[in-house]
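Report on the structure given below.
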Amino acid sequence: MEEKEFEQLVRGMRERMYRTAMSILWNDSDSADAIQEALLKAWQRRGHLRDETKKEAWVMRILINECRDMQRQMKRRPLPLDERIEAAQPTVADTELRSALQALPERLRLPLLLHHLQGYDLREVAAMLHTTEPAVRGRIYQARKKLKALLDEEVM
Amino acid sequence: MRRLSDAFAPVPPMVDERIDQALRKMHAGEQRRRTKPLLALALTLVLLLAMGGVAAAAGNGVLEYLFPRTSPTEGQRLMAQEVGWHWQGEGVSVTVPDILFDGRRLSVSVQVQSESPLYTLVEGVWLDGCSTGNTCGLMEGWVKAPDEGIFPVERGFSVTEEARVHEGPTQVRFRLVLLEPMGEVVPMGKPNSDEENEAIQQEAEALIDQGRVPITPYQGHIMCHRGRGLSFANDPAYDFPRYSQRYVQSANMRLVQELEVSLTAMGAMGESVETYAVAGNQELPFEVAGCTAFLSEAGTYVKLALEAREGGMSREALVRLMQETEPVLYSAEGHPLPYQDMTHDGEGMGGETEEGFEVQLVKPPLEEEAMDVIYLIPCGLTDGEPLWDCAIRLEKAAEASK
């Protein structure tokens, strides 16, 4: 992958990267860190990319891994996670929906957002999360069910 | 109808700045690479030397293998035991610098270096003369990858006993096999369906017939020809199936060396024991017959016994459920830990019992104390239905023994 092509790819997926990082870290500053680190790693490891048609999913997988690494490191930080989330909560249109999403376990939340919000197909989501397509489908089903129970309303 | 996008703010300028920074760094690196190759070479050499110095200073042993991203505790440092085992020959050097053993889990760092493509696997581990069971696939992969897309082999391995070994020194023995490809190594594609998997397998077998060595993508595991001596019969001298023989017979690999490493591990370390009970009036289709967590400096081990319940799930259904799903532990009340923090420690950690199923999960020692609450969530699908609602909440019993 050439430098120009990589830059175009990255610029084109900035919103998806931000939302994905946020749906794991729930913090602008940590999300920005994770994105920067993930992009540098993706560029360094571009030789590992075997299928050029899946480069976006590949970058996203590196980002998800980076976010999870950061999440692990946060457990050792003195400031509790709740306080971090509270301190860095940006203004959003639907805070109730955001809280409901935060209440969902990550393994349900991520497939839902990657598929329904970011538009990745089930196969891509399965590859990003190192799982199978039926498992992704099942988790999305559970996520929607739980969100509906929490909000008493359908979410799309 | 609510929209998921409303739960997120627009991309803040901070994120765009960091993307720009990453691209600038990347661009600067490329410029240097293109315009100043000699300087880049010199810098690389300096950097490599510096990194070598750092690696030597920081050590490259079992603590780095176990805790690659976090700092080990003082207790863990004290538990690492120097070994200094070394072998050299045929352009290959193998070093076992140190091990860590807490009486239940043995972790060994293994450093293999080779001048040419080399495949290595640990084919068996014994503690006090007894095989630790299913260890195949443990530390298996390429030392020197034949293709840049292949991940190199792990720098060590861990085996966990279901029961704690006796106090006092423990004899540790493991067999490390070194293999080299006899033909061109060909990474295969990644299958996305059973049909694709079968097509790739057939393609791999055609390549083996041509004298080449097909391997899986990413991990680079050897693919075998189904038509060529694929016996998994246990070798009585070994106590377990010999994967290396399988690779020699059916995948165009040559046996370079079989190394047997024998050493003595320090005695079992102290550990605390906590028992857990199912919390509340949770309606489960099976019984939780027992849940115990064992904690040492090196890890947390949670053993859970599930039994069939009359009027609930039958033993067969319970076994199928546990075999088809991946049990995962969540901790911290109200904030389940992400499943990536859990190490489902290899195969053979769960199995059928007369009453139902037993499972043991291993978790890196992130907390200093046992968690107050554990969630065990069989995740995945059985009969097409997700199992999230089967989450079991277990609370630490008040009278825990220490």
Side-chain angles (χ1 to χ4, degrees), chain A residues 3 6-7 10-11 14-15 17-19 22-24 28-29 31-33 35-37 39-40 43 47-51 68-69 71-73 75-76 81-82 90-95 97-98 100-101 105-108 112-113 116-117 123 132 134-135 138-139 141-142 146 151 153-156, chain B residues 1-12 14-23 25-27 29-30 69-71 147-151 187 189-190 192-193 217-218 325-326 328 330 332 334-341 364 366-367 375 377 379-381 384-389 391:
Chain A
E3 203 182 332
F6 184 76
E7 184 171 344
V10 166
R11 301 259 184 231
R14 60 189 270 284
E15 187 170 46
M17 286 194 297
Y18 168 66
R19 286 173 170 181
M22 279 297 280
S23 57
I24 299 173
D28 275 354
S29 168
S31 296
D33 281 351
I35 290 168
Q36 183 178 10
E37 201 55 38
L39 291 180
L40 290 169
W43 178 248
H48 292 204
L49 175 63
R50 306 197 66 75
D51 186 347
R68 285 171 174 166
D69 280 350
Q71 206 174 34
R72 272 191 280 269
Q73 286 158 15
K75 291 187 202 311
R76 291 187 165 263
L81 187 62
D82 284 356
T91 314
V92 294
D94 193 338
T95 47
L97 174 59
R98 190 187 182 90
L101 283 171
E106 189 191 298
R107 62 182 298 112
L108 300 188
L112 173 84
L113 294 175
H116 283 300
L117 177 66
R123 185 174 293 178
T132 61
R139 289 180 201 176
Y141 166 80
Q142 280 298 304
K146 278 180 183 289
L151 300 165
E153 200 177 346
E154 282 285 353
V155 175
M156 63 173 283
Chain B
M1 183 77 83
R2 301 169 99 130
R3 299 170 63 87
L4 285 168
S5 54
D6 289 341
F8 293 87
V11 181
M14 178 199 297
V15 169
D16 284 326
E17 282 163 22
R18 305 303 288 274
I19 291 175
D20 288 340
Q21 273 179 26
L23 291 172
K25 269 189 191 176
M26 198 185 87
H27 183 71
E30 282 302 288
R69 292 185 186 87
T70 54
S71 300
D147 182 278
E148 62 174 10
I150 303 299
F151 301 139
K190 191 168 186 279
N192 287 313
S193 64
Y218 312 128
T325 62
E326 178 194 1
V328 176
Y330 281 64
H335 297 284
L337 283 177
Y339 67 96
Q340 295 76 21
D341 277 346
L366 284 177
E367 287 90 16
Y375 292 96
I377 305 175
C379 49
L381 297 166
E385 284 300 314
L387 296 161
W388 185 257
D389 291 339

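Numbers restart at 1 for each chain; the letters A, B, ... are given by sequence-line order, proteins then strands.
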Nearest heavy-atom neighbours spanning A32(A) and R18(B):
CB-CG, 3.5 Å
Minimum heavy-atom separation for Y18(A) to A9(B), with atom names?
CE2-O, 3.4 Å
Non-hydrogen atoms of chain B under 4.5 Å away: do they reach the side chain of I35(A), the backbone, both or neither?
side chain
Got a second to check how far L40(A)'s CG is from Q21(B)'s CD, nearest 0.5 Å?
9.5 Å
Can you see which heavy atom on H116(A) is nearest to which on L4(B), and at what distance?
CB-CD1, 3.7 Å
Looking at R11(A) and D20(B), is any side-chain nitrogen of the basic one under 4.0 Å from a carboxylate oxygen of the acidic one?
yes
Which one wins on heavy-atom pair count under 4.5 Å against chain B: V10(A), D33(A), L112(A)?
D33(A)
Just verifying a value: how many Å separate L23(B) CG and Q36(A) CD, rounded to the nearest 0.5 Å?
9.5 Å
So which part of I24(A) gets closer than 4.5 Å to some heavy atom of chain B, the side chain, the backbone, both or neither?
neither
Would you mind reporting whether V15(B) and R14(A) have side-chain heavy atoms less than 4.5 Å apart?
no
Heavy-atom nearest pair, R19(A) first then S5(B), reads NH2-CB, 3.6 Å
Relative to chain B, which segment of L101(A) carries a heavy atom at a distance below 4.5 Å: side chain, backbone, both, or neither?
side chain
CZ (F8(B)) and CG (L113(A)) are apart, to the nearest 0.5 Å, by 4.5 Å
At their closest point, which heavy atom of V11(B) faces which heavy atom of E15(A), and how far apart are they?
CG2-CA, 3.6 Å
